[in-house]
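Some notes on the structure that comes next.
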There are 2 protein chains.
Amino acid sequence: MPSSAIAADQPDGRRAVQPSAQPGPSTAQSAEPPSAHPQRTRSGSSSHDGSAAASALPNGKVTLADVARAAGVSLATASKAMHNVTRVSAATRARVQQTAKDMGYQPNATAQSLATGRSNAIGLITSDFQGVFSTPILLGVEDELGVRSNSVMLCNARGDAMLEKTYAQFLLSRNVDGLIIVGQDTNPRPPIDVDATVPVVYAYAPSSDPADCSITCDNVGAGRMAVEHLISCGKRRIAIIAGENAYKAAHDRVQGARAALRQAGLQPVGPVRAGGWSADWGRAATRLLLDQHVEFDGVVCQSDAIAWGCMDALKERGLNVPGDVAVIGHDDWAHIVQGLSPKLTSISNRTNEIGRMAARTIIDAVDGHPHHGVTYLPCSVSQRESTLPLSS
Amino acid sequence: MPSSAIAADQPDGRRAVQPSAQPGPSTAQSAEPPSAHPQRTRSGSSSHDGSAAASALPNGKVTLADVARAAGVSLATASKAMHNVTRVSAATRARVQQTAKDMGYQPNATAQSLATGRSNAIGLITSDFQGVFSTPILLGVEDELGVRSNSVMLCNARGDAMLEKTYAQFLLSRNVDGLIIVGQDTNPRPPIDVDATVPVVYAYAPSSDPADCSITCDNVGAGRMAVEHLISCGKRRIAIIAGENAYKAAHDRVQGARAALRQAGLQPVGPVRAGGWSADWGRAATRLLLDQHVEFDGVVCQSDAIAWGCMDALKERGLNVPGDVAVIGHDDWAHIVQGLSPKLTSISNRTNEIGRMAARTIIDAVDGHPHHGVTYLPCSVSQRESTLPLSS
DNA sequence: ATGAAAGCGCTAACAC
DNA sequence: GTGTTAGCGCTTTCAT
């Protein structure tokens with residue numbers, strides 16, 4: 001464990017600005033003179049030689065017309081040459097592309113979009129304010145799309161159906177090629193209420209309309225995995241602490257867990273209670289189990305927070321994890337599984353992969369290969385110390 | 001604590017699809033016939049009466065020209081009428097707007113952008129793969145922008161300077177009106193290496209160029225607050241467990257804490273060690289303090305995870321929180337502060353507000369009121385059980 | 001293989 | 001007040 005003394009005192013210089021409750025430049029007239037032009041960064045003149053730079057827009061932007069002129073060809077030819085596609089002589093193609101590069105030409109995506117009708121951008125509407133699940137999904141979408149030079153336009157509907165509709169229309173007006181709707185849980189949800197002219201895919205929360213395309217995780221499989229993992233660690237008396245009753249995920253995971261247990265000729269030890277997703281619930285449920293003298297050597301907790309509370313209660317009673325009781329969580333939230341001691345084994349929902357897959361699916365649809373129905377992506381177990389079979 | 005028995009067994013129906021390691025529709029040729037057109041949702045015909053709907057683009061989209069024709073005015077007049085702005089008779093304005101509404105007209109933002117040179121979209125480049133700090137910032141940006149019908153285009157540069165540059169150019173080619181660069185920590189960073197023709201605002205990680213505009217949090221003030229809070233709870237022997245040495249936040253917070261201590265005629269109890277941001281480091285550092293018989297009745301931990309580990313170690317030795325020792329964390333991560341028992345008092349960096357402010361600032365700049373220099377947004381303390389003064 | 005010309009849907013002078 | 005006319009920067013027939 002690295003540890004170093006940190007530098008001692010210094011004068012306490014800097015102080016915070018804008019200490020008002022509602023700080024912000026927009027709230028008051030800027031104290032600065034309202035200069036007519038936005039700030040601009042200086043820096044890196046284009047990193048190449050200066051072959052005759054023709055004109056340039058007032059903005060400093062080079063258009064295809066500029067390139068064409070400089071290369072001594074027509075606008076149309078320049079356009080073709082840039083796309084490596086139609087019949088252009090290899091010579092001109094090369095020349096145009098070189099001039100374009102030399103002049104620092106950057107195609108104007110807006111104009112391209114207007115001309116072609118495609119924007120190479122997809123719209124993403126999230127309904128999750130906290131972002132626990134949707135963030136990795138969003139990042140996954142971006143990862144996949146960024147590679148293809150597509151971009152994602154983001155809106156946060158905060159779970160409000162009206163706002164969601166408004167945003168969908170808004171994104172559509174921006175010519176997005178497709179829409180990804182990200183939910184905050186795996187409960188099926190009604191389809192968005194817009195006459196979308198582009199493909200739509202639902203991520204995490206599937207659409208209740210089976211004709212729509214949805215990507216979510218396989219919670220039934222996750223429940224099964226959790227139990228199978230515990231059994232593989234040599235545990236046989238397995239208790240289950242479920243999440244919140246209103247969530248389909250809770251039911252799905254219980255269903256999978258029971259199926260796996262049954263398959264091994266077992267059944268859950270003690271009652272399966274649903275109460276919430278929090279550590280507090282984990283503590284309460286575990287104490288209850290203990291107080292009722294339920295004997296278990298493994299427990300599947302339907303969230304990492306529940307597992308946290310469970311481990312707290314176990315330690316409180318002098319029980320050792322994983323020796324006396326192995327604990328497995330769900331969701332695989334980095335900050336919880338890593339913070340616990342021993343570190344928590346957990347079932348990952350692979351939300352990042354859900355995002356990537358949603359992106360691939362929508363691109364496919366845009367390219368004319370739509371998918372339908374709900375795809376259940378398998379979860380995976382991340383083994384850590386809380387279920388180490390060694391000490392069993 | 002609510003608790004309900006969950007429904008018993010059901011047949012384990014559904015199974016996961018795509019179990020391959022690299023699942024995805026794009027990887028293989030779709031099994032479905034490649035229909036020429038993307039899927040489209042059905043649903044809600046526009047919720048209004050059917051006054052003579054003239055034409056409509058093949059896409060089903062209504063253009064301003066269609067509206068103009070239907071309303072019996074010229075294209076230009078229709079345009080003006082829609083913007084409530086130039087001289088148009090109230091009558092025509094009303095008539096045009098009504099027909100537009102009736103026909104379900106949605107302006108084409110791409111065309112508007114091309115014509116005006118403004119896109120009403122800002123680009124956001126994040127460098128945070130985990131998203132711990134950038135997610136709330138991002139959501140804050142979106143909140144503020146969404147209200148103004150601006151949209152945000154998102155890219156994830158993963159901390160790679162080259163990728164960041166590529167994305168910046170990419171976004172610029174999409175005519176974004178401004179750029180927000182979100183960092184993963186508060187260490188100053190070199191400015192982006194592009195000749196931006198639009199305003200740029202750095203959020204969380206400030207630019208090292210003082211001429212640039214940056215918004216970050218006031219970690220010095222945060223350090224001060226933490227100590228002042230502990231003192232206000234009646235604690236006087238205060239220890240400090242710092243974060244990772246390579247982070248400016250660690251030094252800033254120590255600096256602020258020492259200043260507050262000095263102001264109260266005190267100084268830190270025991271050595272101030274920097275080691276990391278994890279719970280493991282919190283455990284190790286606290287045990288060390290205890291083993292060295294440092295006597296403290298309050299401890300400021302520079303992250304919530306450290307505080308977690310600290311509380312673990314404290315309990316381990318039979319010490320009571322907050323009775324024997326009050327504990328305060330930094331960052332205010334919901335899942336940690338809520339999961340702990342007792343719940344953790346923490347200093348919030350107000351990342352959501354940083355995002356909102358970045359959005360407001362960039363809008364201001366787009367409107368011709370640029371800001372410069374680093375704005376340090378004050379942090380705030382979220383009091384919870386771990387510092388309840390009652391039992392002190 | 002290359003170029004001329006007609007838009008994409010909208011805004012913004014400038015005439016009437 | 002309202003209409004006419006150019007474009008914004010690019011793609012794309014259709015001639016040549």
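Everything numeric in this text was worked out from a predicted model, so none of it was measured. To find a chain, count down the sequence lines: A is the first, B the second, and so on, and within it residues start at 1.
Side-chain atoms of B:Lys80 come within donor-acceptor range of the base of D:dG3, with a qualifying N/O pair under 3.5 Å.
Regarding contacts with the backbone of C:dA1, every side-chain N or O of A:Thr92 stays at 4.0 angstrom or more from both OP1 and OP2. Contact between the side-chain N/O atoms of A:Thr77 and the OP1/OP2 oxygens of C:dT2 is not found at any separation under 4.0 Å. A sub-4.0 Å separation between OP1 or OP2 of D:dT11 and a side-chain N or O of A:Ser79 is present. Look at A:Thr116 and you won't find any side-chain N or O under 4.0 angstrom from OP1 or OP2 of D:dC10. At C:dC10, none of the side-chain N or O atoms of B:Gln112 fall inside 4.0 Å of OP1 or OP2 (strictly under the cut-off).
Rounding to whole angstrom units, CG of residue B:Asp177 and P of D:dC8 are separated by 19 Å. Taking atom NZ on B:Lys61 and atom P on C:dC10, their separation rounds to 11 Å, with Å as the unit. Summarising the geometry, the separation between CG on A:Asn175 and P on D:dG9 is reported as 18 Å, rounded to the nearest angstrom. Whole-Å rounding puts the A:Leu64 CG to D:dT12 P distance at 12 Å. Across the protein-nucleic acid pair, A:Arg174 atom CZ and C:dG9 atom C1' stand 15 Å apart, rounded to whole Å. Atom NE2 of A:His83 is separated from atom P of D:dG9 by 16 Å (rounded to the nearest Å). Between the P atom of C:dC8 and the CD atom of B:Gln106 lies a distance of 20 Å, rounded to the nearest Å. Spacing between atom CZ of B:Arg69 and atom C1' of D:dG3 amounts to 15 Å, rounded to whole angstrom units.
Closest to the B:Ser74 side chain, of the nucleotides D:dG3, D:dC10, D:dT11, is D:dG3. Ranking C:dC10, C:dA1, D:dG9 by closeness to the B:Asn108 side chain, first place goes to C:dC10. Set against D:dC10, C:dG9, C:dT11, the side chain of A:Ala111 has D:dC10 as its closest nucleotide.
B:Ser113 approaches B:Asn175 most closely through the heavy-atom pair OG-ND2, 3.8 Å. Across all their heavy atoms, B:Pro107 and B:Gln112 have their closest contact at CB-OE1, 3.8 Å.
Screening B:Leu163, B:Leu171, B:Val182, B:Thr166 for a side chain to side chain contact (heavy atoms under 4.5 Å, CB included) with B:Ile125, the sole residue that qualifies is B:Leu171. Each of A:Ile192, A:Asn156, A:Val194 was compared with A:Glu164 under the side chain to side chain contact (heavy atoms under 4.5 Å, CB included) criterion, and only A:Ile192 meets it.
Of the two residues contacting DNA chain D, namely B:Ala115 and B:Leu75, the nearest-nucleotide position lying further toward the 5' end is that of B:Leu75. Ranked by how close their nearest DNA chain D nucleotide is to the 5' end, B:Val73 and B:Leu114 are led by B:Val73.
When atom types are taken as modelled, the side chain of B:Asp177 and the backbone of B:Asn120 share a donor-acceptor pair closer than 3.5 angstrom.
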